[in-house]
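Numbering of residues begins at 1 and proceeds along the displayed sequence.
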Amino acid sequence: MANNAVTLKAQDRTTFGKGSARRARRAGQVPAVVYGHGTDPRHLLLDEHAARLALRSNENALIELQIGSESVLALTKDVQRHPIRPGVQHIDFLLVNRHERVDVEVPVTVIGDAAPGTMHIIELASVLISAPAVSIPEAIEVDVTGIEAGNAVRVADLVLPENVEAMTDAGTDIVNITTSSDTSSDEPEPEADAEAE
C-alpha cells in the first residue's frame, strides 16, 4: 500500500520548449507537470534519478512534491520513459488530498499454482479500482491455487483490500485456467500417423 508518500524535491520550471527540456535532461533533471482540483497546470523540474527510483515499481505512486517551502500531494498519472536507455522523460502528476478516493488502473499479479496439468492465461492485465488516494495497492493478487481447467477467476472473485472497490465489470474474466495440452498444436500428430502408415 502507498500509505506513505515518497517525497521528491521539485522546482518551478521557468523556461519551456524542446531545447529547454533537452538541457534539463542533460543536467539530470526531468520535466513534470502537476494539475487538478481546478488549478492551472504547474510546470516543474525534478531530479531524474530520484524520480526514476520512486516510480520504479509503482506506476501509481503517491508522491509528496516539495516545491521550495510548499508541499503538495500528487498521484502519478503518466510517465514517459526513454525508448532505449533507462530514464524518465516526462511525468504528469494529479493533485490529490489524503481524504479523497481516486480511480486508477492497477496491474494484476497471479499467485499460487493451478491444478496439476493446467496453466493459467491472463486475460486482463490490470483492473480499474476505486481506492483512497493514500492506500492504492501496487498490484491486485489473483490466487489460482488448485483451480481446475475450464474455470476462470473473474473480477467478482477478487479479494480486495479494505476500502478498495473494483470498477471493472464483475463478470469480466481476469485469468482463465486451461489444460497444458490446449496450447500445443495438434497438427504434427496426423503427420506422425502418415509416417507410420
Side-chain angles (χ1 to χ4, degrees), residues 1-6 51-63 74-89 91-94 96 98-197:
M1 297 283 186
N3 286 305
N4 297 316
V6 177
R52 179 159 30 101
L53 291 178
L55 305 177
R56 181 173 52 188
S57 61
N58 186 7
E59 292 290 327
N60 293 315
L62 187 67
I63 303 292
L75 188 67
T76 311
K77 287 301 289 181
D78 185 57
V79 181
Q80 296 175 22
R81 300 183 186 276
H82 194 278
I84 301 172
R85 60 178 181 269
V88 175
Q89 298 285 91
I91 307 170
D92 284 12
F93 292 109
L94 177 67
V96 295
R98 293 185 178 275
H99 306 293
E100 73 176 296
R101 295 181 69 87
V102 292
D103 293 351
V104 292
E105 292 273 352
V106 176
V108 164
T109 300
V110 176
I111 60 171
D113 295 315
T118 65
M119 62 179 295
H120 68 266
I121 298 172
I122 297 176
E123 303 289 349
L124 193 66
S126 61
V127 176
L128 180 65
I129 64 163
S130 172
V134 294
S135 54
I136 299 169
E138 292 186 12
I140 298 295
E141 291 186 344
V142 179
D143 191 352
V144 298
T145 302
I147 299 179
E148 300 285 346
N151 293 302
V153 179
R154 296 180 174 85
V155 172
D157 302 322
L158 292 175
V159 179
L160 297 171
E162 188 178 357
N163 293 327
V164 174
E165 179 185 353
M167 305 301 287
T168 303
D169 184 82
T172 304
D173 287 358
I174 301 175
V175 177
N176 275 312
I177 309 301
T178 180
T179 57
S180 299
S181 59
D182 282 354
T183 58
S184 61
S185 174
D186 293 331
E187 291 179 5
E189 292 181 7
E191 293 176 11
D193 292 342
E195 289 175 9
E197 290 173 4

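Nearest heavy atoms, L55 versus A61: CD2-CB, 3.7 Å. Here the closest heavy-atom approach between residue A152 and residue D157 is recorded as O-OD2, 3.8 Å. The minimum heavy-atom distance between E105 and S126, with the atom names listed, is OE1-OG, 2.9 Å. Across D143 and G112, no two heavy atoms sit closer than the pair OD1-CA, 4.0 Å.
With salt bridges taken as basic N to acidic carboxylate O contacts below 4.0 Å, one links R154 and D173.
Under the 4.5 Å side-chain criterion, counting only non-hydrogen atoms from C-beta, L75 is not in contact with F93. The side-chain heavy atoms of D113 and T145, taken from C-beta on, include no pair separated by under 4.5 Å. Put simply, the side chain of I147 reaches to within 4.5 Å of the side chain of V153, judged on heavy atoms. Residues V106 and I136 are in side-chain contact: their nearest non-hydrogen atoms beyond the backbone lie under 4.5 Å apart. With a 4.5 Å cut-off on side-chain heavy atoms, R101 and N163 count as touching. Within the 4.5 Å cutoff, side-chain heavy atoms of T76 are placed close to those of I91. Counting heavy atoms from C-beta on, the side chains of M119 and T178 come closer than 4.5 Å.
Note that CD of E165 and CD of E162 are 13.5 Å apart. Values are rounded to the nearest 0.5 Å. Here the CG atom belonging to D103 is positioned 8.5 Å from the CD1 atom belonging to I129, to the nearest 0.5 angstrom. Of the inter-residue distances, the one linking T168 atom OG1 with L128 atom CG reads 5.0 Å to the nearest 0.5 angstrom. Distance check: S135 OG to R98 CZ gives 11.0 Å after rounding to the nearest 0.5 Å.
Legend: residues meeting side-chain contact (heavy atoms from CB on, under 4.5 Å) with L158, ordered by chain and number and at least two apart, are V127, I140, V142, V155, L160, I174. Scored by the side-chain contact (heavy atoms from CB on, under 4.5 Å) test, E148 finds A115, N151 as partners (sequence neighbours excluded).
For the side chain to side chain contact (heavy atoms under 4.5 Å, CB included) test with V144, the passing option among I177, T118, I111 is I177; the others fail.
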